[in-house]
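Single-structure report; data block below.
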Amino acid sequence: MAVPIFAPVPADWPATEEHARAVQRELRGRVVLDEPGPPPGTGRVTGVDVAYDDERDVVVAAAVVLDAATLTVVEEATAAGPVAFPYVPGLLAFRELPAVLAALDSLAGDPGLVVCDGYGRAHPRRFGLASHLGVLTGLPALGVAKNPFTFSCADPPAARGSTSPLLDGGEVVGRALRTQDGVRPVFVSVGHRVDLETACAHTLRLAPRFRLPESTRHADALCRRALRAATLHQPRAPGHPPVPWGKPPEPGDGPGSTPEARERSQN
DNA sequence: GCGACAG
DNA sequence: ATCTTGTCGC
């Protein structure tokens, strides 16, 4: 599988943490918070995610478009490029966005609502990945994160659909949302042009069976697959990597390789 | 100053 | 994120 697009890092992309934080403070004023957002279960929803090979300085992004009513995949795209920024908590967008934007650009159809891996408003400067993506694309966007980052919240009741406020000190920045009975919650925050209530309703609809939304599960699987394919015959930098034992596992192994098992293991 | 910290 | 062995369940 060839990864069709090469996404160079934009020439004006921030290279320092200080610059990146300044960009966040400047762009955060453009976030639109007074739109309810698209009605859940209608139109299209697009999941985006990225996978890294820091060893080879490669990031691959995937965008998977779903029909919101049926959760059927209607379109997919990937894009690869150099890693644009180191991982710094609070500056994740600068690492992921160039590749994600390239993947979104290569879609033929309208992405509709974009579901990001990570946060939007729930961010030290109220401008996480989902907000940044929304502002740069103009698309409605929300964030679904797998852990509470630096924020705090009560454990929501055990039933699917239960929520509790996600707090930064006294300010509500998102919600912990239980998407399955008795399973750890996910952490939803607004990105751009969606309100928190609608963002949670979308997230719940997108997760009828697993903890994570189908949109992010599809995007996660696709970018990993594409990264493997893009990287499979490239030599690694000499020295570092430990040589693993035995031979690599065959496709369609035993248990532990099913989607359900993967989901549970990260839960 | 130190630890914690989306992916 | 990524690495990594085995184990459980449908």
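Note on naming: letters A, B, ... go to the chains in the order of the sequence lines (proteins, then strands), and numbering restarts at 1 for each one. Note that the coordinates shown come from a computational prediction; the quantities given were computed from them, not determined experimentally.
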Using a heavy-atom cut-off of 4.0 Å across all strands, would you classify [X] as base, sugar-phosphate, or nothing?
X        : result
A:Tyr119 : base
A:Leu97  : nothing
A:Ala51  : sugar-phosphate
A:Gly90  : base
A:Asp54  : nothing

What's the [atom1]-[atom2] distance between [X] and [N], to the nearest Å?
X        : N     : atom1 : atom2 : value
A:Glu96  : B:dG7 : CD    : P     : 9 Å
A:Arg224 : C:dT4 : CZ    : C1'   : 13 Å
A:Phe149 : B:dG7 : CZ    : C1'   : 10 Å
A:Asp53  : C:dT2 : CG    : P     : 9 Å
A:Phe151 : B:dA6 : CZ    : P     : 10 Å
A:Gln24  : B:dA6 : CD    : P     : 15 Å
A:Leu222 : C:dA1 : CG    : P     : 15 Å
A:Arg56  : C:dT2 : CZ    : P     : 13 Å

Report summary line: A:Arg21 and A:Leu91 have their tightest heavy-atom pair at CG-CD2, 4.0 Å
**Report entry** Contacts of type ring-ring contact (aromatic ring centres under 6.0 Å, His included), residue A:Phe127, not counting sequence neighbours
**Finding:** A:His132
Query raised in the report: Does the side chain of A:Lys146 reach to within under 4.5 Å of the side chain of A:Leu212, using non-hydrogen atoms?
Result: yes
Report task. State whether A:Lys146 places a side-chain N or O below 4.0 Å from either non-bridging phosphate oxygen (OP1 or OP2) of B:dA6. Result -> no
Requested in this report: Indicate whether OP1 or OP2 belonging to B:dA4 is found under 4.0 Å from a side-chain N or O atom of A:Asn147.
Outcome: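 Looking at the OP1 and OP2 atoms of B:dA4, neither is under 4.0 Å from any side-chain N or O of A:Asn147.
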**Report entry** Dot-bracket line, read 5' to 3' along DNA chain B, where crossing pairs take [ ] and | marks a partner on another strand, Watson-Crick or G-U under 3.5 Å
**Finding:** .......
Query - Test of ring centre spacing under 6.0 Å for A:Tyr119 and A:Phe151 - result: yes
Query raised in the report: Less than 5.5 Å between centroids and less than 30° between ring planes, does A:Tyr87 satisfy that with C:dA1?
Result: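 Per 5.5 Å and 30° rule: no stacking.
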Report task. Assign the ring pair A:Phe85 / A:Phe94 to parallel, tilted or perpendicular, where the plane angle (0 to 90°) is split at 30° and 60°. Result ->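 Aromatic pair A:Phe85/A:Phe94 classed tilted.
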Requested in this report: Would you tell me whether A:Asp53 and A:Thr231 have side-chain atoms, one donor and one acceptor, within less than 3.5 Å of each other?
Outcome: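 Yes.
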Report task. For the pair A:Tyr52 and A:Glu96, evaluate side chain to side chain donor-acceptor pair (under 3.5 Å) and give the outcome as yes or no after the intermediate values. Result -> CA-CA 10 Å; A:Tyr52 299 99; A:Glu96 307 206 332; 2.8 Å; yes
